[in-house]
Amino acid sequence: MDPGLTRCGIAVVDVDARRRAALVHVEVTGTPPTAPLDQRLLRIDEAVSAVLAAHRPDRAAVERMFANTNTPTVLGTAQAAGVAIAAAARAGVPVGLHTPSEVKAAVTGHGDAGKEQVTTMVTRILRLDAPPRPADAADALALAIAHGWRGTPPRAPAGQTGLDTADLASRAGRSQFAAKAPARARPRGQLTAAQRAWLDAERSAGGGRRR
């Protein structure tokens with residue numbers, strides 16, 4: 001999920017053991033800025049919960065926030081992300097957090113790629129007839145693809161959930177807004193250029209994933 005109160009991208013993809021990704025579902029939901037905050041968060045919760053119920057993913061991914069200032073936009077995005085994480089936890093789905101740089105590096109090979117580059121690569125990876133629009137849809141799809149390529153632990157037992165902290169160098173997987181099944185380990189020497197760029201982006205973003 002690419003979180004946001006005004007526009008929130010929610011995507012579902014399947015990624016097989018050969019890293020071939022296929023579109024399952026994508027939507028952009030949101031709320032008007034004039035609506036009360038509680039109602040805006042409720043709408044996001046309902047939308048995310050509906051996708052989880054309809055597609056029953058094994059894994060979920062949400063954009064990790066990095067910001068130096070507490071602007072209203074950043075706070076709103078963080079609140080939407082929290083709602084999405086809570087919805088996944090309620091459904092028993094493990095959640096992975098990825099920075100924008102990690103996702104860009106995964107799908108384009110460059111952590112500083114622009115939105116059009118991300119959209120172009122998402123279109124190519126999913127073999128779509130047209131680029132996904134708006135940008136929030138492409139961003140959510142890129143996040144789902146990146147998470148699927150990375151791989152995560154299997155669905156948590158009933159009553160348990162947690163943030164995904166699997167290592168890219170030892171896991172690859174199959175993902176829906178998350179994924180369906182883990183793939184075999186890929187040694188670091190066999191990582192793709194995009195995966196190596198992703199690892200570099202993670203290190204520069206803070207030395208690894210946080211629990």
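Just so you know, these numbers use all the heavy atoms, side chains as well, and skip hydrogens, waters and symmetry mates. Every value quoted in this text rests on a predicted model; they were computed, and no experiment measured them.
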A.B. asks: Between T31 and L5 (side chain of the first, backbone of the second, donor and acceptor by atom type, cut-off under 3.5 Å), is there such a pair?
C.D. replies: yes
A.B. asks: Among residues at least two apart in sequence or on other chains, which ones pass salt bridge (charged side-chain N to carboxylate O under 4.0 Å, His left out) with D136?
C.D. replies: R7
A.B. asks: Using every non-hydrogen atom in the two residues, find where A88 and V95 come nearest and quote the distance to one decimal.
C.D. replies: CB-CG2, 3.5 Å
A.B. asks: Do L141 and V107 make a side-chain contact, defined as non-hydrogen atoms from C-beta onward lying under 4.5 Å apart?
C.D. replies: no
A.B. asks: Check whether any side-chain N or O of Q39 sits under 3.5 Å from a backbone N or O of P36 as a donor-acceptor pair, and report yes or no.
C.D. replies: no
A.B. asks: Could you give all pairs that pass the ring-ring contact (aromatic ring centres under 6.0 Å, His included) test and reach residues 9-38, with sequence neighbours left out?
C.D. replies: H25-H55
A.B. asks: Just jot down the side-chain contact (heavy atoms from CB on, under 4.5 Å) partners of A21, sequence neighbours excluded, or say none.
C.D. replies: V15, I125, L126, I145
A.B. asks: Among residues two or more places apart or on two chains, list those pairs meeting salt bridge (Lys or Arg N to Asp or Glu O under 4.0 Å) that have a residue in residues 107-135.
C.D. replies: K115-D139, E116-R133
A.B. asks: A side-chain contact here means heavy atoms from C-beta on lying under 4.5 Å apart; do P132 and V26 qualify?
C.D. replies: no
A.B. asks: Side chains of R64 and E102, heavy atoms from C-beta outward: is any pair under 4.5 Å?
C.D. replies: yes
A.B. asks: Nearest 0.5 Å, what's the CD1-CG distance between I10 and L143?
C.D. replies: 12.0 Å
A.B. asks: Under the side chain to side chain donor-acceptor pair (under 3.5 Å) rule, collect the residues that match up with T6, sequence neighbours excluded.
C.D. replies: R40
A.B. asks: So which pairs with a foot in residues 42-53 pass side-chain hydrogen bond (donor to acceptor under 3.5 Å, both in side chains), sequence neighbours left out?
C.D. replies: T29-R43, D45-R90, S49-R90
A.B. asks: Quick one: are T120 and P131 in side-chain contact, heavy atoms under 4.5 Å?
C.D. replies: no
A.B. asks: Run the side-chain contact (heavy atoms from CB on, under 4.5 Å) test against A140 and tell me which residues pass, sequence neighbours left out.
C.D. replies: D2, A11
